[in-house]
Structure formats: structure tokens, C-alpha cells
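All values below come from the heavy atoms of this structure, side chains included, with hydrogens, waters and symmetry mates left out. So you know, we letter chains A, B, ... as the sequences are listed, proteins then strands, and number each from 1.
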There are 2 protein chains.
Amino acid sequence: MAGKVPAAPKEQATSDPEVRIDDWREFAPLDLPPILVAALDNFREHGYHGTSVRDVARQAEVSLPMIYYRYGNKQGLLVALLEGAMGEVLRRTRLADAEAEGRVLDRFAKVVECIVLHMTHRAATAALDAEMRYLEPENRKKYAALRKEVEQLLLETVDEGVAQGLFEVDRAPDTTRALLGMCQAVSGWYHTDGSLTPEDIADRYVAIALRTVGARVRPAPRSRAK
Amino acid sequence: MAGKVPAAPKEQATSDPEVRIDDWREFAPLDLPPILVAALDNFREHGYHGTSVRDVARQAEVSLPMIYYRYGNKQGLLVALLEGAMGEVLRRTRLADAEAEGRVLDRFAKVVECIVLHMTHRAATAALDAEMRYLEPENRKKYAALRKEVEQLLLETVDEGVAQGLFEVDRAPDTTRALLGMCQAVSGWYHTDGSLTPEDIADRYVAIALRTVGARVRPAPRSRAK
DNA sequence: ATCAGTCTAACGAACGCTAAGTAAGCCGGA
DNA sequence: TCCGGCTTACTTAGCGTTCGTTAGACTGAT
């Protein structure tokens, strides 16, 4: 039932094997092959099931079988987009976390900032997260695992903060989920031509998140000059 | 393009003209006609575009044209479910708000509690909110207006709280949106057989929300005995 | 005689996917 | 230097199925 890619040609599931990230705050324009750009546009506007492979082919200006040649089947398009995006945010989040060098308040603030930056700079792919439920079980499991890693990372910082008496939180797992929920929602309403930059929004959400965990002190001001 | 219901027979868009609500904390089992139950199940599991009218007919054990007779077209099913649900939560939220008789902290706490209770007791319909984007422009506008009313109500209480020096919030509209985002997310993970009751979850989220708006004092304990 | 409620049957269009073929490049051996 | 075979990239044409929707006939109560 699941389509199998006969030869798995040049371009893999993810847009590139892996895009190098030097600075987790720096977002180069998303560089996706035309087919995935078209798929992203269509999935975002009409959803997975509302999009036909023919629509994607037409917009990408390739023949219909070309898509099957490269991605195996329709599901392959979604997998490529979803895993690409979640992989990127996970790598970024780890960098952000590491940068804080163990200072808990900083860790928390940077991880939240990083996540919100992703939800804005990468709003298109981030919004696709809702289409996760259309992944076939196997693909979904892999995606959910990536996602869980991000959640786990945030939860750790909350737990640490509570343990050190810096945060005041009733139930860390619930609070963490609530935080992720509110961050995720950003990708739904953010659009580029608004007056707020991603950095503005990230700042505000860090402040909101700090309150949510009952942080008693603010973290050291960011060294971002820009 | 928009289907029109030729005669608009017995059962209207909403499950019933309006279900009477006495206590906003009391949730009778959702009483939907079989067709809408089937539509709800399918929309929830496969999404709007992933659901065929035939699937709905089969599960509801009615003939295919029966659905067109009662709801005009596929879109009519979504409209009925969405407007029914949002109408209910709006009416409940107003009751909750009124019950606080102007005490700001109480207003805020009760409105949040009410919204979270909706996200759990009515998780199935609440989760359908994401399918809003598949509404045709006209239907969408109507739905968005209802939704906005709920947001407005919450925003008012936040504004009031800030004005009275009870809350500490950077930007009330952003914070309100963040709060709604985190409440909405509940409908995604809540399921009935979990260990937490809707009331438990609502309590926790009220606590989280109070922190998020930097409330200095807790509201008077609820008079709910149960 | 009317009419709301319900059915069977089917319309045309679109769907996901694939078989089969082709043109162009690469490669090691003669 | 050329050749035969293999691989990669991409096409045309169409398979079988399902889609949303409707025409039109029937039925039982008023």
C-alpha cells in the first residue's frame, strides 16, 4: 500500500542532506527545490488532501510523473517538507540551548526565542505541522520523535529552573505543552508584511513565557546588536 | 460555486436552533443528529478534504442524497458543526463572564476556565477549528466574527486587569492571542480516557494563565463543590 | 392532490498512480 | 577512438477509481 521509491534518485527527502547552520538566529531564505516550493504553497493554502499532485506539477512547471520520480508519491512531498522543517528547528534549538552554557534562565529564554523565530521566519513550513496527522503511521512516528525532542529540550530547562528555585510552575509537563502550543500558534497568524519583525515577536514571547513559568528574574540582555 | 440549500428543511445548520445552557460549567453530552456525528468523526480523523460525502453517508447509515437534502452540500456539514460549536462556547463564555459580576480577576479566571472546559468537554468539535480555512469566504467571515467575539471578551478582561493594576502584561493583544493559542492546543491532545478530568485541566490552565498575565493575587476559590 | 422525505442511478470531472518509452550522459574494454 | 551497455532524467498516454453533485421517481401522510 505504501508507495516505494524505486531508485531514490538525487534529491533526498529533505531539501538538501542537511543545510549548515552557523548562527541559530540567522535565517537564510528557505532554499527549496521548485517542486517542494509548489507543494508547500498548495498544502498551506488547501491542505494535504485539498491539494492534487497535478496542481503541484502545474505550479512547479514539471510533468506529473516527474514528481513520482523524485518523491515516490504524494506522501513523499509532505514527508520531505515536514522532516526538513522539524530537523532544522531541532538543530537550531540545540545550538541555542548550548549557547547558554548551562545558565538555566538563559537556556529557557534562548530556546523559546529560537522556537518563535522559527515560527516566524519559517512560518510557511511551521504551519504545515498541522498536516502531521496525514502522515502514514511510520512517517508520523519518525516526525513525532523529532518533535518530541524539541519538547523534551524545553521541558528540561523548565525542570531545571524549578529545581534551582528560579521558576514557579505547577506541573512542568503541562506548562511546557502550553508554551509550545502558544508558540506554534504564531505560525498561524504571522505574515511577512506585518509591522512586527520576527525578532520583535520573539522578544515578546520570551517575556510572556518567562511570566508563564513564574521567573523571578530576567535573563541577561541578549548580545544581539543587529 | 456555493451550494444553496433549496428548501432548508427541518434541521437547521446548527444541530438545534439553540441548546439551552443553564450552567456554563455543565456539559451535557453533545447531542448531534447522526449525519453530523458521522461528519464530525470523519472530519476529525481525515480532515475536510480527506472526507468524502459517501463516507459520511455510510457511517450515518443514510443515503447519499439525504445529506444534500438536509445540508445542501459538503460545505454545509462543516458550517453546521463549526458554527454550532463556536456559538456554544460564545454563549457559555458570556455566562461565565457575567457570573463574575465585574470582579476583574474573577472575570479573567472564569473566562479562561470556560474556554478550557470547552476544549476538553467538546474536544471533538473544538479541534475542528483548524478546518476553518476550508470555509468559503462568506461562511468563514461569519465564523471568524464569532471567534473574534470570544477573543474580544478575553482581551477586555486583560485590559481591565492591567488598568486596575492587577495584571502585569507587556502587550495585552499579543498576550491574549498567546493565551487563546495555548488553550486551543488542549483540544489537540486531550482525550477522554486520560487520567485528567476536564476540570483538572481547566484548573491548571487557569493557574498558568494567571501567571502569564502576571496576576499578583489569586481569585477567590471557586464555589464549585462537585 | 399535494408535498416533505427518501430512494436508485448516474453524470462529468478529477483523482493518485504507473507502464512504457526516449534522449542524453557515463564508463570500462577493445 | 569507438562502442555496447548501464544509468539518470524525463515524457506521453492512460489505467481504474472515486469525487461532489443531481435528475427524477417513488412513498406515505395530510
Whole angstrom value for the distance that separates P of dC15(C) from NE2 of His46(A): 11 Å

Options dC17(C), dG20(D), dA19(C), nucleotide nearest the side-chain atoms of Leu64(A): dC17(C)

Phosphate OP1/OP2 of dA14(C) contacted by Ser52(A) side-chain N/O (<4.0 Å): no

Expected output: side-chain Arg92(B) to main-chain Glu26(B) donor-acceptor under 3.5 Å: yes

Contact check, side chains of Thr125(A) and Glu88(A), non-hydrogen atoms, under 4.5 Å: no

Whole-Å distance separating the NZ atom of Lys74(B) from the P atom of dT18(D): 15 Å

dT18(C) OP1/OP2 closer than 4.0 Å to side-chain N/O of Tyr68(A): no

dG5(C) phosphate, OP1 or OP2, under 4.0 Å from Tyr69(B) side-chain N/O: yes

Nucleotide dA9(D), atom P - distance to OH of Tyr71(A) in whole Å: 12 Å

Under 3.5 Å side-chain donor-acceptor pair for Tyr143(A) and Asp129(A): yes

Beyond-backbone contact of Arg44(B) with Arg133(A), side-chain heavy atoms, under 4.5 angstrom: no

Phosphate OP1/OP2 of dC10(D): any Arg70(A) side-chain N/O under 4.0 Å: yes

Closest listed nucleotide, where the reference is the side chain of Met66(B) and the choices are dC7(C), dT21(D), dT12(D): dC7(C)

side-chain N/O Arg54(A) vs dC17(C) OP1/OP2, d < 4.0 Å: no

